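Can you read through this structure? Questions will come right after.
Source: prediction; values computed, not measured.
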Amino acid sequence: MRIRATPLLAALALLLPGAAVHAQATDEYAAMLEYLARTSIDDGAFSGASGAIAVNMAAGDFNQQANARGIAVGGHAAASAGALQRSHADVGQAPDHATAVISGNAFQGASGLASINQASGTGNAELNAITVALAERGIRETPDAQLASMDFASAGVQAISEPGAARTQTRRVGVERSALQGFGGILQLNQAAGAGNATENRVLISVQQGPPPGF
C-alpha cells in the first residue's frame, strides 16, 4: 500500500499550494518517527493445542514476564511456586502507540493450562503463578497440613518517563470475539500496553480425592 500511495502523493503535489504540501510532508515524516510497540497473537496460533501452554510476548524496553507453576500428586502432596520481579534505575520512554491484541482464531478449541503474558511498551511487569496439589486416588486420609498449595507472586512497578502532553498517544489491549472460542481448562491472561503497568494472576488448587467405589 505504501508503494501505491507514492505516485498519488506526487500527483497531488502539483495541485496543492506549496505551504500545504510542506505541512503534509512534515506530518508524514513526524508519523514515521513515532515510537510504535505492538504484539499480536492471531490467525490460528495455538488453535487445537492441548496440555501446558506458556507464552511470553513483549515489544519495547525493560518489560518483565514470568510463568511459574508447581504441581504435585501423591499421598502427601504439597506444591509451591514463587516469583519476585524487580527493576531499579531503568530509564525509558513510553511508546506513542502501543497495542497488545489476541485475534483471529487464536487458541480456538485449545485445552489444558494456558498462561499468557502479552506486553507492549516500557517497564511493564506481568506474572502468572499457579500451584496444584492433588492427593492420590485411594488414599483414605491425608492431613490438611500435608495437602497444601502455596504460591508467592509479586510484579514490581518502576518509574518510566512519559512523553510530553503535546504528543498524541494511543493504547489498546483486547481479545477479539473470534479468539479463544471453545477453550477448556485454566486460562491465565495478562495484557498491558503503555508504561509502568503491573499485572498478575494467581491460582491455587488443593484437592483430596476420595477412595474409589468399593475401596
* Asked: Is the closest side-chain heavy-atom distance between Thr122 and Gln93 below 4.5 Å?
  ->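 Side chain of Thr122 against side chain of Gln93, heavy atoms only: no contact under 4.5 Å found.
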
* Asked: Does the side chain of Ile41 reach to within under 4.5 Å of the side chain of Met57, using non-hydrogen atoms?
  ->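 Yes, their side chains come closer than 4.5 Å.
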
* Asked: Centroid-to-centroid, Phe107 to Phe183, below 6.0 Å?
  ->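 Judged by ring-centre distance (under 6.0 Å), Phe107 and Phe183 do not meet the cut-off.
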
* Distance (rounded to the nearest 0.5 Å) between Gln191 CD and Arg172 CZ ->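 Result: 9.5 Å between the selected atoms.
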
* Are Ile205 and Leu187 joined in one hydrophobic group, where the rule is that I, L, V, M, F, W and Y side chains link up if heavy atoms are under 4.5 Å apart? ->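 They do not share one cluster, since no chain of ILVMFWY contacts under 4.5 Å joins Ile205 to Leu187.
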
* To the nearest 0.5 Å, what is the distance between OG1 (Thr131) and CG (Leu204)? ->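 Going from the OG1 atom of Thr131 to the CG atom of Leu204 covers 4.0 Å.
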
* Asked: Of all heavy-atom pairs between Gly194 and Ala98, which one has the smallest distance, and what is that distance?
  ->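 Nearest heavy atoms, Gly194 then Ala98: N-CB, 3.8 Å.
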
* **Ala37 versus Gly121, closest heavy-atom pair with distance** =>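 Between these two residues, the closest heavy atoms are CB-N, 3.7 Å.
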
* Do the non-hydrogen side-chain atoms of Thr99 and Ser120 ever get within less than 4.5 Å of each other? ->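 Answer no - side chains too far apart.
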
* For the student: nearest non-hydrogen atoms of Arg171 and Ala94, plus distance ->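 The answer is NH2-CB, 3.9 Å.
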
* **Sub-4.5 Å side-chain heavy-atom contact between Arg38 and Leu36** =>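 They are not in contact (no side-chain heavy atoms under 4.5 Å apart), so the answer is no.
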
* Identify the residue among Glu126, Arg69, Gln65 that makes a side chain to side chain donor-acceptor pair (under 3.5 Å) with Ser115. =>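 Only match with Ser115 under side chain to side chain donor-acceptor pair (under 3.5 Å): Arg69.
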
* Looking just at side-chain N and O atoms, do Gln169 and His97 make a donor-acceptor pair shorter than 3.5 Å? ->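 Checked: Gln169/His97 side chains show no N/O donor-acceptor pair below 3.5 Å.
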
* To do: Indicate the atoms forming the closest heavy-atom contact of Ala49 with Ile53, along with that distance.
  =>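 Closest pair (atom of Ala49, atom of Ile53, distance): CB-CD1, 3.7 Å.
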
* **Side-chain heavy-atom pair Phe46, Leu180 within 4.5 angstrom cut-off** =>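 Of all side-chain heavy-atom pairs linking Leu180 with Phe46, none is under 4.5 Å.
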
* Asked: Going from OG1 on Thr170 to CD on Glu34, what distance comes out if it is rounded to the nearest 0.5 angstrom?
  ->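 Those atoms lie 8.0 Å apart.
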
* To do: Could you grab the distance from atom CG of Asn201 to atom CD1 of Ile186, nearest 0.5 Å is fine?
  =>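 Answer rounded to 0.5 Å: 11.5 Å.
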
* To do: Indicate yes or no for a side-chain donor-acceptor contact from Gln188 to the backbone of Ala129 under 3.5 Å, with no hydrogens or angles considered.
  =>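 Side chain of Gln188 to backbone of Ala129: a pair is present.
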
* Please test Val175 against Leu189 for side chain to side chain contact (heavy atoms under 4.5 Å, CB included), starting from the C-alpha separation and ending with a verdict. => CA-CA 10 Å; Val175 178; Leu189 173 61; 3.7 Å; yes

* To do: Look at the side chain of Asn67 and the backbone N and O of Ala54, then say whether any donor-acceptor pair between them is shorter than 3.5 Å.
  =>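 Looks like no, no N/O pair under 3.5 Å.
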
* Asked: Taking side chain as C-beta onward, heavy atoms only, is Gln118 less than 4.5 Å from Asn56?
  ->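 With C-beta onward as the side chain, the pair stays apart.
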
* Close side-chain approach of Ser178 to Gln108, heavy-atom, < 4.5 Å ->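 Heavy-atom side-chain distance check passes, below 4.5 Å.
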
* Identify the two heavy atoms, one from Leu134 and one from Ala77, that lie closest to each other, and give their separation to 0.1 Å. =>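 Minimum heavy-atom separation between Leu134 and Ala77: O-CB, 3.6 Å.
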
* Which heavy atom of Ala79 sits nearest a heavy atom of Gly70, and at what distance? ->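 For Ala79 and Gly70, the tightest heavy-atom pair comes out as CB-O, 3.6 Å.
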
* Asked: Which distance, rounded to the nearest 0.5 Å, do you find between the CD of Glu200 and the CG of Asn117?
  ->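 Rounded to the nearest 0.5 Å, the CD-CG separation comes out at 11.0 Å.
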
* Asked: Are the side chains of Ile130 and Asn128 in touch, meaning some heavy atoms are under 4.5 Å apart?
  ->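 Answer no - side chains too far apart.
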
* To do: For Ser50 and Ser111, test the side chains for any donor-to-acceptor distance below 3.5 angstrom and give the result as yes or no.
  =>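 No, Ser111 and Ser50 have no side-chain donor paired with an acceptor closer than 3.5 Å.
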
* **Transitive ILVMFWY side-chain link Val132 to Leu113, under 4.5 Å** =>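 Yes, Val132 connects to Leu113 through the hydrophobic network.
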
* Got a second to check how far Asn105's CG is from Asp42's CG, nearest 0.5 Å? ->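 Separation between the atoms: 10.0 Å.
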
